[in-house]
Amino acid sequence: MIDDFLYGTAGHAGPLAEVEAAVRAAAAAEIVPRHRSLAAHEIIEKSGPHDLVTAADRLAEEHLTAALAALLPGSVVVGEEAVHADPAVYDALGGDAPVWIVDPVDGTRQFVRGEAGFCTLVALARHGEIHASWTYAPVLDEMAVAVRGRGATLNGAPIRSGAPAPGAVLEVAMSHPDYTTDDQKRALLGLRTEGIAARPCGSAGLEYLAVARGDLDATAFNWEYAWDHAAGLLLVTEAGGAQSTLSGVPFRIAGGNDLPFTAARDEATARRVLAALRSGG
């Protein structure tokens with residue numbers, strides 16, 4: 001069903017472009033006009049000062065929900081803000097219908113501060129398998145697209161993650177240890193070791209893009225909301241990278257993962273990051 005949608009019987013990629021256009025249109029209508037122009041009442045704390053939502057998040061998700069559902073009749077949308085309003089929406093990830101996984105503004109804190117490091121993330125999945133993804137950073141003018149088994153592109157040009165130079169210090173973006181369980185904190189602190197330069201992550205979607213294009217060696221994340229990870233995980237793997245949870249099995253977008261997990265430029269780098277995480281835990 002999803003393959004028929006993405007390519008049709010003639011093998012054309014028209015729907016891929018239609019989804020890209022929908023993502024760009026939502027950003028142009030609801031996000032970009034509010035960049036550096038948010039009023040105080042348009043910024044709301046959800047669970048705390050590090051968990052923000054803005055009018056741009058809500059309105060862009062509404063825009064995308066309508067547009068994506070119309071492109072693929074019978075599909076459902078799991079968006080960050082919809083799940084915040086009704087956690088039962090998340091259950092669609094385990095259902096039979098194709099699912100659009102949407103993070104309207106990934107990197108909301110950066111967006112609120114008026115920085116460029118935020119993006120819109122969309123992934124299309126079914127039965128737990130990610131089939132296509134779109135990562136769009138409107139201020140940076142970057143659109144990354146990945147399709148299962150068909151590679152990854154950035155602004156239309158193929159990208160490959162490559163591998164770190166032999167003996168190079170690994171650059172790793174990680175979850176901040178202050179926002180973890182005690183076990184996860186110990187695991188992440190394993191990255192504070194010789195041969196690894198770890199730093200707190202910014203927008204998860206842009207960190208995944210950095211891995212996919214070879215500008216960052218790996219990520220190490222301890223949370224598993226699908227809207228933060230689905231698009232980027234496909235992007236990294238289609239660019240030639242690798243991903244794994246702490247127990248050595250692939251990340252499951254429906255949840256229940258052994259955390260932290262990593263996405264890396266290649267298998268060897270993923271193994272090194274996992275070994276460091278296990279030594280810390």
Side-chain angles (χ1 to χ4, degrees), residues 23 27 31-32 34-36 38 43 45-54 56-57 60-61 80-81 101-123 133-144 146 152 154-155 159 161 164 169-180 184-185 188-189 191-192 196-236 239 241 243 251 259-265 269 273 277:
V23 173
I31 300 173
V32 174
R34 293 178 171 85
H35 186 232
R36 299 180 178 174
L38 285 167
I43 307 169
E45 289 186 11
K46 292 193 285 189
S47 62
H50 299 287
D51 186 14
L52 303 176
V53 63
T54 72
D57 295 75
E61 184 169 312
E80 179 175 6
E81 306 314 323
I101 304 169
V102 174
D103 190 344
V105 181
D106 179 68
T108 300
R109 282 178 293 168
Q110 288 81 2
F111 178 72
V112 168
R113 293 197 294 259
E115 299 169 2
F118 66 91
C119 59
T120 297
L121 302 173
V122 172
S133 76
W134 295 259
T135 299
Y136 180 46
V139 176
L140 301 175
D141 191 27
E142 294 182 335
M143 172 68 78
L154 176 61
N155 291 344
I159 54 173
S161 56
V169 173
L170 297 182
E171 297 184 11
V172 181
M174 69 173 190
S175 302
H176 197 295
D178 286 352
Y179 310 116
T180 65
Q184 292 167 4
K185 188 191 303 289
L188 289 170
L189 289 175
L191 297 174
R192 306 292 189 184
I196 295 178
R199 60 164 174 79
C201 70
S203 154
L206 293 185
E207 302 290 16
Y208 282 120
L209 175 56
V211 173
R213 69 202 299 185
D215 292 338
L216 177 70
D217 295 316
T219 62
F221 294 143
N222 73 285
W223 79 97
E224 57 182 355
Y225 293 125
W227 47 77
D228 286 320
H229 304 300
L233 286 171
L234 183 66
L235 184 64
V236 168
Q243 59 104 340
F251 181 90
L259 302 172
F261 71 99
T262 187
R265 292 175 64 185
T269 302
V273 172
L277 293 170

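Note that the numbering runs from 1 along the sequence shown for the chain.
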Checklist line | Results of side-chain hydrogen bond (donor to acceptor under 3.5 Å, both in side chains) for Q243 - residues two or more places apart only | finding: none
Notebook entry, point to check: Would you say D106's side chain and A204's backbone share a donor-acceptor pair under 3.5 angstrom?
Noted result: yes
Item checked: Taking every non-hydrogen atom, the tightest pair across V273 and V172 -> CG2-CG2, 4.3 Å
Notebook entry, point to check: Can you name the nearest heavy-atom pair linking A146 to L234, along with the distance?
Noted result: O-CD2, 3.6 Å
Note to self: Test your reading of the model: is there a side-chain donor-acceptor pair from S203 to the backbone of F118, 3.5 Å cut-off?
What the structure shows: no
Item checked: Residues forming a side-chain hydrogen bond (donor to acceptor under 3.5 Å, both in side chains) with T269, sequence neighbours excluded -> D266
Next item on the list: For S161 and V211, indicate whether the former's side chain and the latter's backbone hold a donor-acceptor pair under 3.5 Å.
Entry: no
Checklist line | Side-chain donor/acceptor of N155 to backbone N/O of D141, under 3.5 Å | finding: yes
Notebook entry, point to check: Should L188 and L277 be marked as a side chain to side chain contact (heavy atoms under 4.5 Å, CB included) after you check the CA-CA gap, both sets of side-chain angles, and the distance that decides it?
Noted result: CA-CA 6 Å; L188 289 170; L277 293 170; 4.1 Å; yes
Note to self: Does Y208 form a side chain to side chain contact (heavy atoms under 4.5 Å, CB included) with T135? I'd like the steps, not just the answer.
What the structure shows: CA-CA 9 Å; Y208 282 120; T135 299; over 6 Å; no
Check: Short question: side chain of H35, backbone of V112 - any donor-acceptor pair under 3.5 Å?
Finding: no
Check: Taking all atoms of both residues into account, what is the closest heavy-atom pair of D228 and W223, and its distance?
Finding: OD2-NE1, 2.6 Å
Check: Do you know which two heavy atoms are closest between V105 and T108, and how far apart they sit?
Finding: O-OG1, 3.0 Å
Notebook entry, point to check: Among all residues two or more places apart in sequence or in another chain, which pass the salt bridge (Lys or Arg N to Asp or Glu O under 4.0 Å) test with E171?
Noted result: none
Next item on the list: Search all heavy atoms of W227 against all heavy atoms of L121 and return the closest pair with its distance.
Entry: O-CD1, 3.5 Å
Next item on the list: Would you give the length of the straight line joining atom CZ of R265 to atom CG of D215, rounded to the nearest 0.5 angstrom?
Entry: 8.0 Å
Check: Rounded to the nearest 0.5 Å, how far does CZ of R34 lie from CZ of F111?
Finding: 8.0 Å
Check: Between M143 and V23, does a side chain to side chain contact (heavy atoms under 4.5 Å, CB included) hold up when you go through it step by step?
Finding: CA-CA 10 Å; M143 172 68 78; V23 173; 4.2 Å; yes
Check: Who pairs with E207 by salt bridge (Lys or Arg N to Asp or Glu O under 4.0 Å), at least two apart in sequence or on another chain?
Finding: R199
Notebook entry, point to check: Shortest non-hydrogen contact from G117 to L206?
Noted result: C-CD1, 3.5 Å
Check: Looking at CG of D103 and SG of C119, how far apart are the two atoms once the value is rounded to the nearest 0.5 Å?
Finding: 7.5 Å
Checklist line | Which residues share a side-chain contact (heavy atoms from CB on, under 4.5 Å) with A60, sequence neighbours left out | finding: E30, I31, P104
Next item on the list: Answer yes or no: is there a donor N or O on one side and an acceptor on the other, between the side chain of E61 and the main chain of E80, under 3.5 Å?
Entry: yes
Notebook entry, point to check: About how many Å separate CZ of R113 and CZ of R36, when rounded to the nearest 0.5 Å?
Noted result: 12.5 Å
Notebook entry, point to check: To the nearest 0.5 Å, what is the distance between CD1 (I159) and CG (L235)?
Noted result: 5.0 Å
Checklist line | Partners passing side-chain contact (heavy atoms from CB on, under 4.5 Å) against A116 (at least two apart in sequence or in another chain) | finding: V139, L140
Next item on the list: Could you tell me the separation between the CZ atom of F251 and the OG1 atom of T262, rounded to the nearest 0.5 Å?
Entry: 12.0 Å
